[in-house]
Each structure stands twice: as structure tokens, then as C-alpha cells.
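Here the structure comes first, spelled out in C-alpha cells, and everything after it is commentary.
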Amino acid sequence: MKRNKKGNNVKKRWILQTKRGDFRGIGERFGVSPVAVRCMMNRGVSTEKDFDEYLNASYDSISSPWLLKDMEQAVEIVVHNRNRMAAIASDFDCDGIFSAFILKKGLEACGIESRIFTPDRVAEGYGLNQRIVDEAVDAGVGFLITCDNGIAAKEEIRYAKERGMAVIVTDHHEVQGEVPEADAVIDQKQADCPYPFKGLCGAGVAFQFIGALYERLGIPAVRREELLVYAAIATVADVMELQGENRILVKEGLRRLKMTDNTGLRALLEVQGLIEKEIHAYHIGFVIGPCFNAAGRIDTVEKAFALLEESDYAEALALAGELKDINDTRKEMTKQAAEQAYEVLEKSGKVQDPVQIVLLPDCHESLVGIVAGRIKERYHHPVIVFTSVGDGLVKGSGRSIESYHMFDRLMECQDLMVRFGGHKMAAGMTLREDRLPELERRLNENAGLSEEEFMPVLDIDVALPIGHISERLIADLSVMEPFGNGNPKPVFAEQHFRLLRAIKRGKNQNVLILKVANASGTVMDAVCFNDIEGMEALICDEWGAEELKKLYAGKENRIDLGLAYYPAVDEYGGRRTLQIIITDFCRIQ
């Protein structure tokens with residue numbers, strides 16, 4: 001296959017999955033099509049028990065919170081101090097916001113007053129700090145609970161203990177050496193933690209903590225279900241793998257989101273035009289979650305908490321509109337910073353470096369992680385974007401590819417860091433700017449990556465001619481939801497399509513509507529939402545600009561593309577028609 005290098009995305013290597021199994025027999029047992037069964041097998045679902053859990057796992061399947069190491073001690077601390085106010089030491093991203101809100105609502109149901117403390121992203125950076133500890137002590141707080149942070153805050157926790165507070169850590173990040181000397185440390189990533197599922201985000205851990213607390217205090221278990229919506233939003237927004245317990249949390253949370261009694265969330269759904277729509281994980285990851293993240297990035301996280309706490313709908317609508325506007329501003333700032341980063345990489349000749357290090361001195365520090373993600377999508381290399389933060393320091397955020405464990409590689413450079421933390425696919429760090437060349441040298445010399453690993457793989461579930469698409473198949477595939485990281489939407493492919501006509505639509509002409517026909521003569525609409533420029537460049541390079549003009553004029557042309565796609569139903573004007581959503585395209589040689 002051949003694909004032009006122009007456009008927004010790096011060339012992908014298509015790999016057809018070839019797992020074997022009794023697709024028809026399993027499909028008959030579970031009431032789904034053999035195609036859907038094959039897609040599930042491609043996601044590691046193999047035994048009959050696996051299929052039963054994947055298709056029928058419910059909220060009751062989540063492990064007992066008491067399996068988390070130190071849960072007993074943590075609950076005892078809260079119960080012993082229930083007549084005193086609690087400090088919740090949170091973070092400024094979506095996971096930090098919702099894990100804090102889960103703790104606040106949960107403690108409130110237990111009759112415990114609490115106050116949320118967050119760091120200033122620019123002035124203080126991530127996690128617990130001495131200022132938060134001092135303010136909590138001055139406020140008369142009796143004990144402190146971290147959420148979505150704390151596992152690396154050894155000095156700050158020692159300071160909190162010296163100031164007389166009991167400290168409970170709830171976190172999900174990787175452990176760096178010794179765990180902090182807190183009274184209880186709840187983090188499933190601890191080597192001796194028996195909790196069977198290691199993929200919970202900070203809000204998932206907070207959700208389990210409140211579950212144990214409710215159980216100890218005799219609060220009905222159904223009350224914890226009210227918190228599922230918040231755990232689901234955080235799980236998707238923090239890009240956790242939608243497998244096992246995460247998939248259950250998100251599935252159950254999404255089901256409840258449309259019926260949520262949280263006034264602020266309902267207002268945000270309305271402002272984003274989602275009230276009448278079926279809400280999927282996609283909407284959390286790309287519409288709802290970014291609004292909360294943006295508040296903590298370029299404004300104040302207090303606005304996000306204010307929206308979640310608001311009970312007056314008119315006020316909530318105003319706050320939701322504000323968050324949307326903040327996120328729109330963040331999008332534009334990100335676009336400009338990403339364009340600058342691409343230019344820096346191209347001019348410096350570092351595009352081919354195994355690990356791409358980019359310094360954008362004037363970039364808003366809250367955006368470096370998003371920009372790193374954009375660069376990774378374009379070039380498919382591990383990347384860390386830094387910005388200057390004064391006093392000779394730079395702050396960076398990294399995003400990785402599947403074959404590169406960013407946290408492990410950075411641990412090897414820990415001596416260069418003022419501060420850092422993260423996991424396999426992402427990390428954040430602060431270091432002196434004069435140490436940046438040494439970090440770049442070490443990471444690139446020890447990257448251990450081959451050229452093949454810089455070409456992303458697109459797994460094709462089934463080579464499926466479009467003539468086999470039906471509404472029944474689409475309904476069968478929907479049982480695999482929620483889709484996202486770790487449970488991707490199925491991808492099908494067919495090798496030869498004639499493109500009959502094309503038209504661009506959308507506010508920015510960023511949606512391409514094609515009429516396509518396969519080798520058997522089946523005609524169907526195809527929609528392309530991204531890399532239209534790349535498709536046009538490929539057509540011009542392979543068949544000439546004149547053939548592209550013919551395509552847009554609806555005239556016969558010589559274009560012949562292979563398409564990877566996902567089937568969908570288009571509902572318009574009371575009519576339902578089958579269509580395909582293009583995932584990728586190439587020329588089949």
C-alpha cells in the first residue's frame with residue numbers, strides 16, 4: 001500500500017488480525033454476529049467466561065474496595081476524625097477535579113465537612129505543596145486526603161505530618177522508590193497491593209475509597225452509584241484503558257449521565273448541544289472533559305468546581321458557557337503552539353530523533369502536554385515539550401508511543417530532574433534548562449527504538465466488503481461500547497474503491513462526503529472527518545490534479561483507493577441510510 005506523506009497524520013501500517021475461533025458458535029450462544037465476535041476476540045476476549053464478562057459485566061462485578069492496600073487504615077482515620085474537617089488535596093486536571101468532587105460528596109454523605117485545596121498550575125505546579133498544608137492547618141483541618149496525586153510527595157507529606165495532620169494518600173500514579181510516610185497509602189500500583197485491577201484512575205480510586213467508607217458507616221450502597229458519573233468522566237478524560245473495571249465504570253456512568261441530577265453537568269450538556277443526543281465516551285473525551293481541563297489550564301480550576309456545585313440552572317448555564325468559552329480559547333492557543341512546534345522540529349532537523357525534545361519558551365505551560373500529544377500524532381515518536389518557567393527552570397510534559405515506556409526511561413535520568421512523575425504513556429517534569437541537552441542526549445542514546453516502531457499500526461479487524469454492512473451488524477457492534485483507549489472502535493477494510501463524487505461540508509470545510517463503489521458495484525456514502533488534505537495530496541501524486549478536479553465535479557475518474565472504515569447509520573430527514581466513516585486510506589499496489 002502507498003500513502004502520501006503530506007497531510008496531518010503519519011503513514012500507517014495496516015495489519016489484518018488473523019485470530020481463529022468458533023465465531024459462529026460463540027455468536028449464536030451470546031446472540032451477536034460472528035463479525036462482532038471476531039472483533040471482540042481481537043481485543044483479547046477469548047474464553048466463554050471472557051465473553052460473558054465483556055458482554056454482561058455490571059457494576060456488581062467491580063472488586064471489593066477492601067482489597068486495596070491500606071484501605072482499612074484509611075477508613076479508620078476518617079471514622080476516628082469524623083467530627084473534624086477534612087482537607088482534600090487535589091489537582092487541576094479532569095481526574096483531579098472529579099476525584100476531589102467524589103471525595104467531597106462522599107464525605108458530605110457521611111456528615112463530614114471538607115474543603116478542596118488545589119495547587120496553582122503556573123506558580124506551584126502539580127500536586128501537594130507546603131502552601132496547601134499551611135492553609136489547611138490554618139483552616140483547622142484535622143486530616144488530609146490527597147487524590148490523583150501524593151504518591152511522589154514525600155517531603156510535603158512529611159511536612160503535613162510534622163504539622164500534626166493525619167494523611168491519607170489516594171493516587172494511581174507509578175510509585176517512585178519508597179512510598180511516602182503517610183498514615184495510609186491507597187494506590188493499586190504499589191507492588192504489594194492485592195487489588196486485582198491496576199488501571200483505575202484517581203477518581204476510580206476515590207470512588208472505591210468512598211465505597212469502603214459508606215460500607216463501614218452503614219450508608220446504603222446505592223448512594224455510591226450516584227458518584228459513578230464522575231468516575232466515568234474522569235476515566236475517559238484521563239485516557240485510561242477501557243478494559244476490565246474501567247469499562248464497567250464508564251459504561252454504567254454514561255448510562256446515568258443523561259439522567260444526572262447534577263445541575264452543572266446538565267447545563268454543560270445543553271451548552272454543548274448534547275441534551276438530545278446519545279452520549280458516548282467520545283463526547284466525554286473530546287467535548288465534556290476538555291471543558292473541565294481547560295479551566296485548570298488557562299483560567300482557574302475553581303470555575304470547574306463552581307459548576308459542579310451549582311444548583312441554580314440559570315447560574316449553571318452561565319458557568320457552563322464560560323467553561324466552553326475558556327476551552328475554545330484553549331483550542332486556539334493549542335493550535336498556534338502546535339504549529340510553532342512543528343516548525344521548530346522541521347527547522348532543527350530533529351524530526352527523525354527517536355525521542356523528540358521541543359523547547360517552546362513562551363508556550364503557556366498548561367498546554368505543553370496537549371501540544372506534545374499533537375506532535376506525537378503527527379510524527380509517531382515519543383515527544384516531550386518544554387516551556388520556560390523562570391529562575392532558569394523549564395517545565396515539560398511528555399507523550400509516548402506504545403513501544404516506549406516513558407516513565408522507565410525518565411527514571412534513568414532522575415538525577416537531572418528537580419521533579420517528575422508519570423506512567424508508561426505520559427509524564428511531567430521540571431528541570432534546569434542547562435540540563436536539557438543532557439536529557440535529550442541520554443533519552444535518544446538509550447531509546448532502543450527501531451524505524452518500524454515509528455510507523456503506527458492500524459489493526460484491521462475484518463476485511464469486510466461494504467455489501468455485508470447492515471443495521472443488524474451495526475447494532476451488534478454497539479454492544480462493544482464504550483469505545484476508547486484499550487477498547488478501540490472496530491475497523492474494517494476493503495481494498496478497491498472507485499470514488500464517484502465528493503463534496504466538502506462543515507463550517508470550515510472540514511468534512512468530506514464521498515460517494516464510493518466497491519469492486520462488486522455496491523455504492524455507499526463515505527464520510528472523512530480528518531486528513532482531507534492528505535487524501536487530496538495522495539490523489540494528486542498518484543493520479544494527477546486533473547483527476548481530483550473530476551472527483552469534485554462528480555465526473556468519471558481513475559482514482560482507486562483502499563479504505564479502512566467503521567459502519568454507521570445516517571439519520572436525516574426521517575430517513576436512515578447506511579454509510580461508512582473513513583478511518584484511513586491508501587493506494588493498494
Side-chain angles (χ1 to χ4, degrees), residues 62 65 68 70-71 74-75 78 86-110 112 114-119 121 126-128 132 136 143-153 157 167-174 182 184-189 195 197-214 224-240 245-246 249-250 252-253 262 264-265 284 288-289 291-293 295-297 301-302 304-309 421-423 426 428:
I62 294 174
L68 282 158
D70 282 4
M71 184 63 79
V75 169
V78 176
I88 299 169
S90 178
D91 191 26
F92 32 63
D93 69 358
C94 206
D95 192 16
I97 291 166
F98 282 98
S99 55
F101 194 67
I102 286 170
L103 290 176
K104 191 174 193 331
K105 296 294 285 184
L107 292 172
E108 188 179 282
C110 299
I112 301 169
S114 65
R115 179 178 160 188
I116 297 171
F117 295 83
T118 56
R121 184 168 203 141
Y126 165 83
L128 182 65
I132 289 175
F143 62 103
L144 182 146
I145 310 173
T146 73
C147 55
D148 190 34
N149 77 99
I151 199 66
I157 287 170
V167 180
I168 300 167
V169 169
T170 73
D171 201 351
H172 73 112
H173 291 97
E174 299 284 355
V185 178
I186 303 173
D187 184 336
Q188 72 275 10
K189 298 285 178 63
Y195 195 80
F197 182 71
K198 305 300 182 182
L200 294 175
C201 68
V205 176
F207 178 80
Q208 287 290 58
F209 176 52
I210 293 301
L213 189 59
Y214 280 7
R224 185 171 65 143
E225 293 183 34
E226 298 168 7
L227 307 174
L228 271 168
V229 167
Y230 313 123
I233 293 173
T235 300
V236 175
D238 215 39
V239 202
M240 308 307 293
E245 293 184 13
N246 281 343
L249 287 172
V250 173
E252 295 293 324
N262 186 287
L265 283 182
I284 302 301
I288 299 300
C291 288
F292 287 98
N293 270 326
R297 288 182 188 279
V301 72
E302 298 304 324
F305 286 119
L307 178 65
L308 292 172
E309 295 275 15
H423 48 82

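These numbers come from a predicted model, not from an experiment.
Heavy atoms only, all atoms of each residue included: Ala232 and Gly253 are closest at CB-CA, 3.7 Å. When all heavy atoms are compared, the tightest approach of Gly211 to Pro65 is C-CG, 4.3 Å. Looking at every heavy atom in both residues, Asn246 comes nearest to Gly199 through ND2-O, 2.8 Å. Of all non-hydrogen atoms in Ile132 and Ala89, the two that sit nearest each other are CG2-CB, 4.4 Å. Here the shortest heavy-atom pairing between Cys201 and Thr235 reads SG-OG1, 3.5 Å. Here the closest non-hydrogen pair linking Asp91 and Gly127 is OD1-N, 4.0 Å.
Looking only at distances, a side-chain donor or acceptor of Asn149 sits under 3.5 Å from a matching main-chain atom of Cys147. Of the possible donor and acceptor atoms, one in the side chain of Asp148 sits under 3.5 Å from a partner among the backbone N and O of Gly96. Within the 3.5 Å criterion, the main-chain N or O of Thr170 finds a donor-acceptor partner in the side chain of Thr146. Panel note: side chain Asp70, backbone Val185; a donor-acceptor pair is recorded below 3.5 Å. In this structure, the side chain of Thr118 does not engage the main chain of Ser90 through any donor-acceptor pair within 3.5 Å.
Rounded to the nearest 0.5 Å, atoms CE (Met240) and CD (Glu245) are 12.0 Å apart. Note that CG of Leu213 and CD1 of Ile112 are 5.5 Å apart. Values are rounded to the nearest 0.5 Å. Taken to the nearest 0.5 Å, the CG atom of Asn262 stands 8.0 Å off from the CD1 atom of Ile233. The CZ atom of Phe98 sits 11.0 Å away from atom CG of Asp93, with the distance rounded to the nearest 0.5 Å. Note that CG of Leu228 and CD1 of Ile102 are 8.5 Å apart. Values are rounded to the nearest 0.5 Å. Note that the CD1 atom of Ile168 and the CD1 atom of Ile145 stand 4.5 Å from one another [nearest 0.5 Å].
Between His172 and the choices Ile186, Asp95, Ile151, the side-chain contact (heavy atoms from CB on, under 4.5 Å) rule is met once, by Asp95.
Here Phe207 pairs with nothing under the ring pair (Phe, Tyr, Trp, His ring centres under 6.0 Å) rule; sequence neighbours left out. Contacts of Tyr126 classified as ring pair (Phe, Tyr, Trp, His ring centres under 6.0 Å), with partners at least two apart in sequence or in another chain: His173. Every ring pair (Phe, Tyr, Trp, His ring centres under 6.0 Å) that Phe101 has, sequence neighbours left out, goes to Tyr230.
Residues Phe92 and Arg297 are not in side-chain contact: their nearest non-hydrogen atoms beyond the backbone lie 4.5 Å or more apart. At a threshold of 4.5 Å between non-hydrogen side-chain atoms, the residues Arg224 and Lys105 do not count as touching. Residues Leu144 and Leu128 have side chains in contact (heavy-atom distance under 4.5 Å, counting atoms from C-beta outward). Contact annotation: the side chain of Val205 never approaches that of Asp187 to less than 4.5 Å [non-hydrogen atoms, C-beta and beyond]. For the pair Ile62/Phe197, no side-chain contact is recorded, criterion being any heavy-atom separation below 4.5 Å from C-beta on.
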Exercise for review: Evaluate side-chain contact (heavy atoms from CB on, under 4.5 Å) for Gln208 paired with Tyr195, printing each intermediate quantity in order.
Suggested key: CA-CA 11 Å; Gln208 287 290 58; Tyr195 195 80; 2.7 Å; yes

Check your understanding: Can Val78 and Leu107 be said to form a side-chain contact (heavy atoms from CB on, under 4.5 Å), step by step?
Key -> CA-CA 9 Å; Val78 176; Leu107 292 172; 4.1 Å; yes

